There are 2 protein chains.
Amino acid sequence: MTERRPRKDAARNRAAVFAAADALFAECQSPQSVTMADIAAAAGVGKATLFRAFGDRTGLIRALYEARLEPIRNAVEEGPPPLGPGTPPPVRVPALLDAVLCFKLDNRHLALALEGTGADSPYRTEHYERWHTLLRELLEQIPGPADADFTAHALLAATRADLVAYLADERGAPRDELRDRLASFTATVLGTGARQ
Amino acid sequence: MTERRPRKDAARNRAAVFAAADALFAECQSPQSVTMADIAAAAGVGKATLFRAFGDRTGLIRALYEARLEPIRNAVEEGPPPLGPGTPPPVRVPALLDAVLCFKLDNRHLALALEGTGADSPYRTEHYERWHTLLRELLEQIPGPADADFTAHALLAATRADLVAYLADERGAPRDELRDRLASFTATVLGTGARQ
DNA sequence: ATCAAAGCGGACCGCCGGTCCGCATTGTAT
DNA sequence: ATACAATGCGGACCGGCGGTCCGCTTTGAT
């Protein structure tokens, strides 16, 4: 069972495609307006190379998204508190949601592009499953809202990329204000928030 | 200022298109797989008629969505309690969210088709603005969560069509269970919920 | 009955995601 | 160094969809 290593040019092209796609999605307004031919041209690569490496448009965007997501995923799975394991749930839940929010803010072009494919519901992806399961398990360890499963869905829904992008771009909410508002909402849901 | 009445055949065709589109979106799995030519054929109408009447694909879906939404909108704006005005906010807020949820459940094919256009963020639509403003104003009259604006966004996010469709179809949650879970979450956020 | 104008519809266009096949690059075995 | 598979490359090509155009039909007012 010999795992064949990819050729040098293949690896180089893959990296070039990632860089080009990231840049194009970042600077263009609507993700729809970035075509596969655009990405190929910007990466200095033939169109077929894109499809061979990633299958289809959705595959390319997904691969890029997952690559950018990996650091956060690592920090959550094996990093230090307050994000990593071993943190008390009432602390870890807000930390986790804050991390998700920041990621969505920093990578909204990618998140919007990913949902914009229209191909698959964002809820059937593997990474959503991961976030939801972790959050649900943490919520179950906190005396508070009874329905941990739905609460986890609802909290994650408050960090949806298009909502975040709307508040940040259309309504001009600064980053830290959004973080505060989400933290405050989370506290309310957990029952640890101040009531007026 | 004489408002020109549309011709008889124009009105008939418009109705036929609505019916055909509704049926097609309801029976097809992915809204993407319903093409404009399909709708035109099913309605017994030329393709150009669709575009003349509705501008483009998004316009057609939006018109259909708004038409189906109108009864609920009416019930909220001038109907009897608990949905209509004159209801105490702590009662009206859950009623409103329940109505939204039921609408999204009954018309998820349309809601998904509308978002699937990818053209415009669901947050820049006029009807979202309406729901959000009303909900925010009601929340401001309830002693509870401080940030009425964000809370309104978060509560509406919990009724997003793709989340609802995922829970109902993929996870097989029955209608009344979903309504209960959303009601319970709403109660938690409002501070009127039972804590375990 | 007449006739303009409003409306209709199928042929047509441009664009985009995705595929194909002849050619260049790579790594290896001699 | 050299020859040679095999792996990968890329531009030409295809099918299909959203959207437009123009000659024809329907409508309803005179």
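Note: hydrogens, waters and symmetry copies are ignored here, and every other heavy atom, side chains too, is used. Naming convention: chains lettered A, B, ... in sequence-line order (proteins, then strands); numbering from 1 in each chain. Small disclaimer: the values here were computed from a predicted structure and weren't measured.
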Student: Please confirm whether the shortest side-chain N or O distance from A:Arg52 to OP1 or OP2 of D:dC9 is below 4.0 Å.
Tutor: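 For D:dC9, OP1 or OP2 has a side-chain N or O of A:Arg52 closer than 4.0 Å.
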
Student: Can you tell me if B:Asn13 touches the phosphate of C:dC8, counting only side-chain N or O atoms and a distance under 4.0 Å to OP1 or OP2?
Tutor: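 True: B:Asn13 side-chain N/O within range (under 4.0 Å) of C:dC8 OP1/OP2.
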
Student: Report the distance from atom CG of B:Leu50 to atom C1' of C:dG10, rounded to the nearest whole Å.
Tutor: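 Whole-Å distance recorded here is 14 Å.
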
Student: Could you tell me the separation between the NZ atom of A:Lys47 and the P atom of C:dC16, rounded to a whole number of Å?
Tutor: 9 Å

Student: Distance check needed: D:dT7 P versus A:Arg12 CZ, whole Å only.
Tutor: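 Atom CZ in A:Arg12 sits about 19 Å away from atom P in D:dT7.
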
Student: Report yes if at least one side-chain N or O of A:Thr49 is closer than 4.0 Å to OP1 or OP2 of D:dG10; otherwise report no.
Tutor: yes

Student: Take the protein atom CZ of A:Phe51 and the nucleotide atom P of D:dG11, then report the distance between them rounded to whole Å.
Tutor: 14 Å

Student: Measure from CG on A:Asp56 to P on D:dG15 and round the result to the nearest Å.
Tutor: 20 Å

Student: Grab the CZ-P distance between A:Phe54 and D:dG8 for me, whole Å please.
Tutor: 14 Å

Student: Please state how far atom CE in B:Met36 lies from atom P in D:dT20, giving the value in whole angstrom units.
Tutor: 10 Å

Student: If you define the side chain from C-beta out and look only at heavy atoms, does anything of A:Trp131 sit under 4.5 Å from A:Leu96?
Tutor: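 In contact.
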
Student: Relative to the 5' end of DNA chain D, which residue comes earlier, B:Lys8 or B:Asp38, by the nucleotide with the nearest heavy atom?
Tutor: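 Checking each residue's closest nucleotide, the 5'-ward one belongs to B:Asp38.
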
Student: Between A:Ile39 (CD1) and C:dG17 (P), how many Å, whole number?
Tutor: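 Rounded to whole Å, this separation is 8 Å.
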
Student: Could you tell me whether a side-chain N or O of A:Arg92 sits under 3.5 Å from a main-chain N or O of A:Val76, the two making a donor and an acceptor?
Tutor: yes

Student: Given 3.5 Å as the limit, does a donor-acceptor pair link the side chain of A:Thr186 with the main chain of A:Leu182, or not?
Tutor: yes

Student: Does the B:Asp38 side chain pair with the main chain of B:Thr35, one donor and one acceptor, at a distance under 3.5 Å?
Tutor: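 Side chain of B:Asp38 to backbone of B:Thr35: a pair is present.
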
Student: 5'-most contact on DNA chain C: A:Gly55 or A:Ser33, nearest heavy atom basis?
Tutor: A:Ser33

